[in-house]
Protein chains: 2
Amino acid sequence: MSPAMPPRTRGPKPHKVEADQLLDAAQVVFAREGLRPASLRAIAREAGCDPALIYYHFDSKEAMFTALLDRRVPPLVEALKRIADPADLRATPLRLWSVMGAFHRHLSHDPGFRSLVRGEIVRGAEGIQARIQTYLGGAAQQVRGVLEQGIARGEVRPGLPPFLATFFLVRLHLEILDLLPVVAPQILGLEERPDLATAERTWLQLYWRGIATDPAAPCPPLPAFDA
Amino acid sequence: MSPAMPPRTRGPKPHKVEADQLLDAAQVVFAREGLRPASLRAIAREAGCDPALIYYHFDSKEAMFTALLDRRVPPLVEALKRIADPADLRATPLRLWSVMGAFHRHLSHDPGFRSLVRGEIVRGAEGIQARIQTYLGGAAQQVRGVLEQGIARGEVRPGLPPFLATFFLVRLHLEILDLLPVVAPQILGLEERPDLATAERTWLQLYWRGIATDPAAPCPPLPAFDA
DNA sequence: TCAATAATTCAACAGTCGTTGAATTGGAGC
DNA sequence: GCTCCAATTCAACGACTGTTGAATTATTGA
C-alpha cells in the first residue's frame, strides 16, 4: 500500500485569495489584539490561508498595517476637503456636524481599528508613525480650515487657538465612538446603553456653546448623519 | 588550572530589590511597550535583576499590572472624594478645575501609563478589565457628584446627562495629557510645543461655557494646579 | 557555630513569533 | 500536449516568550 499520500493542498485555490481579503482579515485581528500581539498566523487563520501567503502579497506585518491605512484614510480626507471648501456657506455648527459625520462614516465600521491607530501614534514604530502623521495631518488641516473660516465669518469667537479647537472636537468625538460604548455600562454604572447618536449630538451642542461668538444663540437642529 | 570559576552571583544582593522597585521598572516598560509586548526579561533588565526574581514577588505579569493599579489609583479616588464633598461650596468651575488638578497630579508622572490603562479597558483580559472598572467607576462617581451638585445649585444647565458630561470632561482632559504632546508638533503642524497648562485651561473654559446655566457669565480665574 | 530562611540566579521547558526557501499545483498561452 | 507562471503550502530557522524547579548564597536566630 502506498503510504496514504497526504491530500494535495498546494497550488492555486479555486478562489484566489486577493490582497484585499488579507487586509480584511488583518483588520479584524489587528483591531481585536493590537498590532504587535496580532500574529500573522492568526491573520492567516482568519483569512483561511497559510501564513506564508501573506508574504506573497506584502513585505511584512507592518506593511499590512500601512496598506490598511492607505485603504481607509484617503476617502476620509477627501470628504473633509469637500466640507472645508470656503464656498460652503452653511452655518459653522452644521459644517462641524458634517465633519463629525465624515469621521463617523469613514472610521466607524471597524471597532478597535481607531484605537489601534491611536495606540500606534503614541508608541508605534518610526515608519508607521510617519505615515499616520502625514495622513492625519491632512485631515486635521481641513477641520482647522472650517474653524478659521468660522472665525473670519464672525461665528466663532476669536482668541481660541484653532489647533486646540480642532484637537478638542475630533479627539473627543473619536473617544465617544471608541470608549463610550465600552465604558458606559461598566465604569459609569449605566443601566442602559447610551445612544451613540445622542452622545455625538450632545457633544457638538456643548462644543458649539463653548466656541460660538454668541453662546446664547442656540445650535441649529442637527440632521441625521447619513443624509 | 581550575576552569575559571564563574563569579558567584547568586544569593541576596547587598541592596535588596523590593517589590516597589520591580513595580517602578514594570511601569516604565509597560508604558513604553504596552502590556502584552512588554517582556518580563525587559522588566528585569530595567530593574537590574533576573527575570525569575519577579516570580518571587508576584504571581504573574498580569499581577504586576494590577499591583501597579493598586498603587496609583486609590490616592486619586481619595482626592476626588474630598473635592466632591457637598460641603465644598466653591463655584462649580473651580471645583471642576480641582478635579482636573487631581487627575493631573496623580496620573501624569508616568507618560504612557494612562494610555496603557486605556488600552486595557478597550481590549484587556477579563480580570484586568474588572479591576480597572471598579477603580475608575469610583472615580467617575465623584466627578458626577460634583456635576449633579452644580445642577442642584443652579450653576450647571439641566438637561445635560451627567454621565455624558463626566465622560466629556475627564476623557478629553486625559487626551490632552496623553496625546496632545505627541500629536501637536507633528500632526497639527505646530511650530512650537503647546503649553499643557494653557491647553488644560482652554479646555475647562470651553467646557464651562458649554455646560453653564449662564454661558455669558465668564469662567472665574483658574489658579495654578499645585496651589 | 550551625541550621534555617530569605533573596537571588541559573538553566531549561514548551510554546509562539516573523520570516524564508523550496516544493507543489492549477490554469493560461502556445 | 507542453511549458511557463502565478498562487499556494510545507517545513524549518533562530529568536523570543512566560514560567518553573533546583541551586546558591548572605543574613538572621538560636
Side-chain angles (χ1 to χ4, degrees), chain A residues 2-26 29-30 32-68 120 124-128, chain B residues 2-26 29-30 32-68 120 124-128:
Chain A
S2 71
M5 290 295 285
R8 310 290 170 78
T9 52
R10 271 150 140 152
K13 284 182 176 176
H15 303 298
K16 189 162 60 162
V17 176
E18 306 283 354
D20 256 356
Q21 296 176 253
L22 289 180
L23 283 185
D24 290 340
V29 179
F30 281 155
R32 189 174 57 218
E33 324 199 358
L35 185 55
R36 257 167 303 193
S39 77
L40 290 177
R41 286 171 172 85
I43 295 173
R45 205 178 313 127
E46 176 80 25
C49 71
D50 190 88
L53 183 59
I54 294 175
Y55 284 87
Y56 184 77
H57 291 284
F58 301 96
D59 287 341
S60 67
K61 195 164 86 163
E62 300 204 342
M64 290 200 92
F65 180 71
T66 56
L68 222 41
E120 291 308 308
E126 295 272 324
I128 291 182
Chain B
S2 70
M5 290 294 285
R8 310 290 170 78
T9 52
R10 271 147 139 152
K13 285 183 176 177
H15 303 298
K16 189 162 60 163
V17 176
E18 307 282 355
D20 255 358
Q21 297 175 256
L22 288 180
L23 283 185
D24 290 339
V29 179
F30 281 155
R32 190 175 54 217
E33 324 199 357
L35 186 54
R36 257 167 302 193
S39 78
L40 291 177
R41 285 169 173 86
I43 295 172
R45 205 179 312 128
E46 178 79 25
C49 72
D50 189 90
L53 183 58
I54 294 176
Y55 284 87
Y56 184 78
H57 290 284
F58 301 95
D59 287 340
S60 66
K61 195 165 88 165
E62 300 205 343
M64 291 200 92
F65 181 70
T66 57
L68 221 40
E120 291 308 309
E126 294 273 325
I128 291 182

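Just so it is clear: chains get the letters A, B, ... in the order the sequence lines come, proteins before strands, and each one is counted from 1.
Checking the phosphate oxygens (OP1, OP2) of D:dA7, a side-chain nitrogen or oxygen of A:Tyr56 falls inside 4.0 Å.
Here D:dT19 is the nucleotide among D:dC10, C:dG18, D:dT19 with the atom lying nearest to any side-chain atom of B:Tyr55. Closest to the side chain of B:His57, from the set D:dT8, C:dT8, C:dT19, is C:dT8. Side-chain atoms of B:Leu53 lie closest to C:dT8 of the nucleotides C:dT19, C:dT8, D:dT19.
B:Phe58 and B:Ala67 get closest at one heavy-atom pair: CE2-CB, 3.9 Å. Closest heavy-atom contact between B:Leu68 and B:Ala26: CD2-C, 4.4 Å. In plain terms, the two heavy atoms of B:Ile43 and B:Ala25 that are nearest each other are O-CB, 3.7 Å. Heavy-atom minimum distance, B:Pro51 versus B:Arg41: CG-CG, 3.7 Å.
Between A:Asp59 atom CG and C:dG18 atom P there is a gap of 15 Å when expressed in whole angstrom units. In this structure, the CE atom of A:Met64 is 13 Å from the C1' atom of C:dG18, given to the nearest Å. Regarding A:Phe58, its CZ atom lies at a distance of 15 Å from the C1' atom of D:dA7, rounded to whole Å. Nucleotide C:dC17 holds its C1' atom 14 Å from the CD atom of A:Glu62, rounded to whole Å. When rounded to the nearest whole Å, the span between CD1 of A:Ile54 and P of C:dG21 equals 17 Å.
A search for salt bridge (Lys or Arg N to Asp or Glu O under 4.0 Å) contacts involving B:Asp59 returns nothing, not counting sequence neighbours.
Heavy-atom distances under 4.0 Å link DNA chain C to B:Arg41 of residues 33-42 of chain B, given in residue order.
One distance of note links CG of A:Leu35 with CZ of A:Phe30; it measures 5.0 Å at 0.5 Å rounding.
Mapped onto DNA chain C by nearest heavy atom, A:Ala52 and A:Arg45 fall at different nucleotides, with A:Arg45 at the one closer to the 5' end.
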